[in-house]
Amino acid sequence: MTTHPTVSASGLTLRYGGTAALDDVSFRLHEGVTGLLGPNGAGKTTLLRVLATAVPADRGAFTVLGHDPGTVNGRREVRRRLGYLPQTPGFHADFTAFAFVDYVAILKELTDRAARHREVRRVLEAVDLSDVRGKRIKRLSGGMRQRVALAAALLGDPDLLLLDEPTVGLDPEQRMRFREVIAEAGQGRTVLLSTHQTEDVAMLCRRVIVMAHGRVRFEGTPAELTARAAGRVWSSAERDPQARAGWRTGLGAFRNVGDPPKDAELLEPTLEDGYLLVLDGEPVEVASA
Amino acid sequence: MSDDKHDGIGWHADADDLRAYARGELEAPRLWSVDAHLIACAPCRLALAEAGDPLALDAGWARLDAELDAPRPGVVEALLTRIGVADHTARLLAATPVLRASWLSAVLLVLAMTVASVYTADSPWLFLALASLLPLAGVALSYGPVLDPTYEMALVAPLHGFRLLMIRTVAVLVTSLGLNGLATLALPEYGLRALAWLLPALALTTTGLALTARLGPVLAPALVSGGWVALLVVTRATTHGTLVPFTAAGQGVAAAIAVVAAVSLHRLRDRFDGSPSPSSITDFAHRSAS
């Protein structure tokens, strides 16, 4: 882990009407993949849009590699170092995969034709789409389109990659394939991966931030998040009324999280257990970076 | 390739060109000719291998591969490149949302209907009113999130927002004014009076863009369009004969507004490089999506 963070954010606040989409959000991002976990409406997309410079925060500030996006020049420098995959990336569906990524490359200031085409080939290869580069986007599957958008985000070898729920809507096989690509992309750069699947975090992330109602509820490693549930997960035949949350597992028994009764049969905690406990109104304790 | 040697398959690349190619110093468009030729000609590929050092040769192959992948430009893009527009600018223009067939046919339909109305109502005012407004509508739709599926990606791209706006505006203006001009030709009996849409069109477009810097890409053109319609309704209710904006005095005012708006637009150009205000309508759709 590098000593200087790629992203340093403090006090980010953004209100829409009476609702705080972001409420005093502070964190640091270092090299590697960081998961951004949270339920729908937690503020994940808003946070990514703020970091991507698509929308400014009302209060607070952040820097990317020391550049301040609050100024015109700083913002351009941040954008030059940024790869952003929005939650619902739009496409010119009549373009081929190559032509579309080529178009985004032009927006990213790659104007030299030969160098740009080399870069487009490189990123399409990185997401394993070289074989369909000549196909029109409207003929590609959802998973392939998602990879086209990721290829566009990878153009110019960005230092910071922001991925907003990239595995939503993909079938399990596509999801696995996409995770491999993200893991590869996370080598040597900083990735913030928004997701509501703890599975994504368990498989990919070095660190994890949990958000709820626009606030950071947890920041630390996946192991630290799991450890939150140590001694607080137990099994019972029926749902334990004492539990903060519980669900029936495939084996038929109930898995409860919360404060266990004295004679409870304790279970080994998982990332899901830690996540549920952090979401359930637990006091915010931010682990040191 | 003035002294190309010809044989059964056509020609062979000049030895000097091949050496320059191997060094990576051959300039376009000659570079493209040699690229295209090398794909088809084994003897020249062999000659190239002898002419260049291995590293430069690898670079040449990489470039050739990239060219082979490159998409064939569409008709508009190819035409633009042919008249000297840089290939990356041509691609940006080709991706301008309103330069699509659906938009162009809608504009043609509106113009045809208003021209028809001139013949039935025996007055050009409806044509002049709409022809003035169509360029602003086109420019607004090409910039805003309504028709551009890649709006969010373009918004956070380092390419200067004002530059992209101007590239698209010029494209839409040329197309719109061209179509308006064609429609005007269908009204020969009105002579130059049928061209009275031109200055209001420029004034409305530049004002809409200048206000976009402050009010966002939806509110600004909506306000300007609303103001234009209100002005016409009021003047039509209060005056007889030619409506004020289409009189000589009105044309003078339109020209002055266009100049003032163009100057303020230039002054406000950096605002197009920034993030939109959080209260702009573009973010409305994202409020519940977080």
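Computed from a predicted structure; not experimentally measured. Throughout, protein chains are lettered first and strands after them, A, B, ... in sequence-line order, and every chain is numbered starting at 1.
Of the listed residues Pro86(A), Ala115(A), Gly90(A), Gly214(A), the one with more heavy-atom pairs under 4.5 angstrom with chain B than any other is Gly90(A). When the candidates Thr89(B), Thr150(B), Leu92(B) are compared by the number of heavy-atom contacts under 4.5 Å with chain A, Thr150(B) comes out ahead.
Between Leu159(B) and Lys108(A), every side-chain heavy-atom pair lies at or beyond the 4.5 Å cut-off. Between Arg116(A) and Asp87(B) there is a side-chain heavy-atom pair separated by less than 4.5 Å. Using a 4.5 Å cut-off on side-chain heavy atoms (C-beta onward), Tyr103(A) and Met153(B) make no contact.
Of all non-hydrogen atoms in Arg91(B) and Ala99(A), the two that sit nearest each other are NH1-O, 3.4 Å. Here the shortest heavy-atom pairing between Leu155(B) and Ala54(A) reads CD2-O, 3.5 Å.
For chain B, the nearby part of Phe91(A) is the backbone; its heavy atoms alone come within less than 4.5 Å.
Under the side chain to side chain donor-acceptor pair (under 3.5 Å) criterion, Thr198(A) pairs with Glu272(A), not counting sequence neighbours.
Here the straight-line distance linking atom CG of Asp164(A) with atom CD of Glu152(B) works out to 9.0 Å at 0.5 Å rounding.
For residues 81-101 of chain A, the salt bridge (charged side-chain N to carboxylate O under 4.0 Å, His left out) pairs, not counting sequence neighbours, are Glu77(A)-Arg81(A), Asp94(A)-Lys138(A).
Other residues, nucleotides and ligands contribute over 12 non-hydrogen atoms within 6.0 Å of the NE2 atom of His196(A).
A salt bridge is absent between Arg76(A) and Asp270(B); no separation between the charged side-chain nitrogens and carboxylate oxygens falls under 4.0 Å.
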